[in-house]
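To start, the structure itself, in structure tokens.
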Amino acid sequence: MDEAEFAPFAENDRGISNPSAAPGIAELIDRRLTRRAALAGLLAAGAAGWTGLAPSPAGAAPSVAAGFEEVPQGADERDHLPPGYGGQVLLRWGDPLFPDSPAFDVAGQTASAQARQFGYNCDFVRFYPLPAGSDAADHGLLVVNHEYTIPALMFAGVAPGRAAARATTREQAAVEMAAVGASVVEVRRGRGGWEVVPGPYARRLTATTPMAVSGPAAGHRLLRTAADPAGTRVAGTFADCAGGGTPWGTVLIGEENFQAFFGGKPAADAALARYGVDGQGWYSWHRHDPRFDLAQEPNEPNRFGWVVEFDPYDPRSVPVKRTALGRFRHEGATIAVNPDGRIVAYQGDDERFEYVYKFVSTRPWNPADRAANRDLLDDGVLHVARFHDDGRLEWLPLVHGQGPLTAENGFPDQASVLIQARAAADRLGATPMDRPEDVEVCPATGRVYVTMTNNVRRGADRLDRANPRPANRHGHVIEMIPPEGPGGPDHAAAWGRWDLFLAAGRPGVDAGTSYHPGTTADGWLSCPDNLVFDPAGQLWVATDGALAAGVADGLWVTRTTGPERARTRRFYRAPIGAEVTGPCFTPDGRTLFLSVQHPGQVAGSHFAAPATRWPDFADGMPPRPSVIVVTKDDGGPIGG
Ligand code: FEO
Ligand code: CA
Ligand code: CA
Ligand code: CA
């Protein structure tokens with residue numbers, strides 16, 4: 001979700017594209033210092049951005065890359081794909097998932113029905129082949145997150161705006177609690193396309209599903225509540241945004257804006273304030289369930305903001321909150337397997353001026369014994385990133401007793417370091433970033449890409465090389481380069497390098513944009529969020545917030561190496577108000593799953609008069625967040 005406020009655009013800014021596209025890998029690092037030296041001079045001279053570089057031909061050059069004709073920029077009630085591609089709506093809010101699921105009744109929705117149906121605001125998507133361990137591309141499980149609810153678009157009679165959302169009835173709040181979390185859905189490709197198979201794998205995680213807590217913070221006094229005096233069992237998950245997958249076939253889902261679900265009067269507590277838990281939540285839940293009332297359960301927010309691991313192949317497995325990965329507003333957790341077998345989880349903390357983290361497991365994973373990896377993520381070291389202006393990337397360990405992380409500074413044990421990971425990272429001098437979102441690792445090069453979605457509040461007095469633009473409305477993508485170790489890129493290393501991959505916005509219009517100079521008028525993007533690499537090695541970038549630049553969100557594709565590096569091309573355009581999330585390919589690259597989240601979410605849009613009725617376009621039916629399936633008419637690889 002994106003709660004950013006967007007000021008009107010400064011149309012008088014002059015932006016220039018980056019001419020240093022298409023570098024070779026060795027050349028890239030050499031060039032960086034030269035370019036940075038030039039930038040340093042420009043910034044010191046007061047230039048607002050990366051002006052002075054070669055002029056951009058943006059809009060003049062057609063996209064010559066093979067594969068597809070770019071979808072034009074714009075915004076309307078429908079979604080759009082390039083010619084030669086087909087889209088099919090696979091899963092809509094309210095769709096039955098179990099053999100006994102009731103049919104969706106938008107006028108009479110109940111919590112018990114919702115708990116057996118596809119949830120609201122689908123986000124992260126990951127495909128798990130069936131049978132497990134195979135590379136099947138026509139049969140599998142989809143894990144889909146459901147991030148949050150929009151009462152004005154879900155329920156007749158609820159006005160748009162936060163005041164009405166905070167006043168939903170007990171039954172409506174119960175529907176909302178059943179509409180968040182995640183779904184596991186069996187899907188199969190048949191002659192008529194992809195279809196849902198209601199069967200034994202189907203599962204819903206909701207805000208009330210029993211979960212375990214493990215790792216260093218399990219049982220800590222800050223996690224204990226009236227309902228759970230031991231601090232080891234939590235009811236449910238919500239605010240689940242992006243996620244990742246482990247090599248042993250479990251899924252990780254990230255609890256992001258958990259603060260939005262709490263209300264009531266909080267105690268004066270710097271630890272709560274550091275997470276924005278201020279009682280100004282977006283919902284009514286605290287009025288109907290005391291555990292969401294900060295005055296009654298001040299520790300309940302400490303039980304959210306974690307990464308949750310569960311086994312999609314076992315619907316009876318108990319999901320586990322892995323506290324060793326730290327507590328913050330997790331966009332997700334992206335796994336890299338280090339050459340020595342240790343597991344590295346890259347994570348963004350999605351709020352302005354927050355940090356990029358990585359967790360490094362103590363032990364290597366065991367490919368021969370799935371059960372041996374069950375608690376692997378409970379033991380390891382969380383690190384936070386400092387992006388040095390000279391291109392070095394430093395990973396600072398969050399370890400109790402090391403450096404400033406002592407009892408005198410408020411960290412009496414490792415559990416406190418993890419529960420208050422933001423405060424610990426503050427102490428270590430991590431680099432405050434422009435809202436870190438998703439992370440992906442290029443399978444071919446081992447380079448790591450992390451999106452900064454935007455940060456309109458960064459002032460000119462707080463610029464650094466990794467966050468180089470004031471009032472950053474359009475965001476950027478950073479490339480992290482692990483050092484080469486024996487056997488490949490060393491993701492566990494304490495030091496690496498970094499570079500700017502692209503700076504978003506309208507080339508030639510917005511200050512400081514940086515793309516391949518051939519990027520077209522349809523090819524620029526704004527507010528990068530979710531990332532995924534396809535099997536051919538192309539990087540796909542989904543956006544959340546482009547409408548503030550006058551165009552609908554969507555999905556773009558680019559190369560990270562070679563002559564097409566950082567030339568983004570628009571592949572998909574979402575219906576108005578929607579962000580695009582969860583891009584996910586089948587192992588053959590011939591099917592793309594996309595979450596279309598919060599269609600119709602624009603100011604004033606509500607159940608009776610929504611900005612779009614996508615995808616049903618039926619009278620009386622509001623827009624429904626949905627997962628779509630994209631295939632190529634000739635059956636070939638997507639974007640190929
Ligand atoms: Fe839920 Fe960070 O987007
Ligand atoms: Ca977002
Ligand atoms: Ca996101
Ligand atoms: Ca991703």
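Along the sequence shown, residues are numbered consecutively beginning with 1. As the structure is a computational prediction, the values presented were derived from the model and not from experiment. Just so you know, ligand 1 is whichever comes first in the structure, and atom 1 is the first atom listed for that ligand.
Residue Glu331 counts as close to the Ca ion (ligand 3), with an N, O or S atom under 3.0 Å. The nearest N, O or S atom of Glu437 is closer to the Ca ion (ligand 2) than 3.0 Å. At a threshold of 3.0 Å, the Ca ion (ligand 3) has no backbone or side-chain N, O or S atom of Glu147 nearer than that distance.
By the salt bridge (charged side-chain N to carboxylate O under 4.0 Å, His left out) test, Glu440 is found to be paired with no residue, residues two or more places apart in sequence or in another chain being considered.
A cation-pi contact, defined as under 6.0 Å to the ring centre and within 45° of the axis, links Lys321 to Phe304. Taking the centre and axis of the six-membered ring of Tyr275, the NZ or CZ atom of Arg327 falls inside the cone set by 45° and 6.0 Å. A cation-pi arrangement is present between Arg462 and Phe353 under the rule of less than 6.0 angstrom and at most 45 degrees off the ring axis. Stacking of Arg447 on the aromatic ring of Tyr449 is not recorded, the 6.0 Å distance cut-off and the 45° axial limit not both being met.
Less than 3.0 Å away from the Ca ion (ligand 4), the protein contributes these N/O/S atoms: Asp438 OD2, Glu440 OE2, Leu531 O.
Geometry note: the Ca ion (ligand 2) is the vertex, Asp544 OD2 and Asp529 OD2 are the arms, and the angle is 100° (rounded to 10 degrees).
Partner of Trp540 under the ring pair (Phe, Tyr, Trp, His ring centres under 6.0 Å) criterion, out of Phe585, Phe533, Phe593, Trp556: Phe585 alone.
For the residue pair Tyr357/His330, the side-chain donor-acceptor check at 3.5 Å is not satisfied.
Taking a 6.0 Å sphere around OH of Tyr201, one finds it holds 12 or fewer heavy atoms contributed by other residues, nucleotides or ligands.
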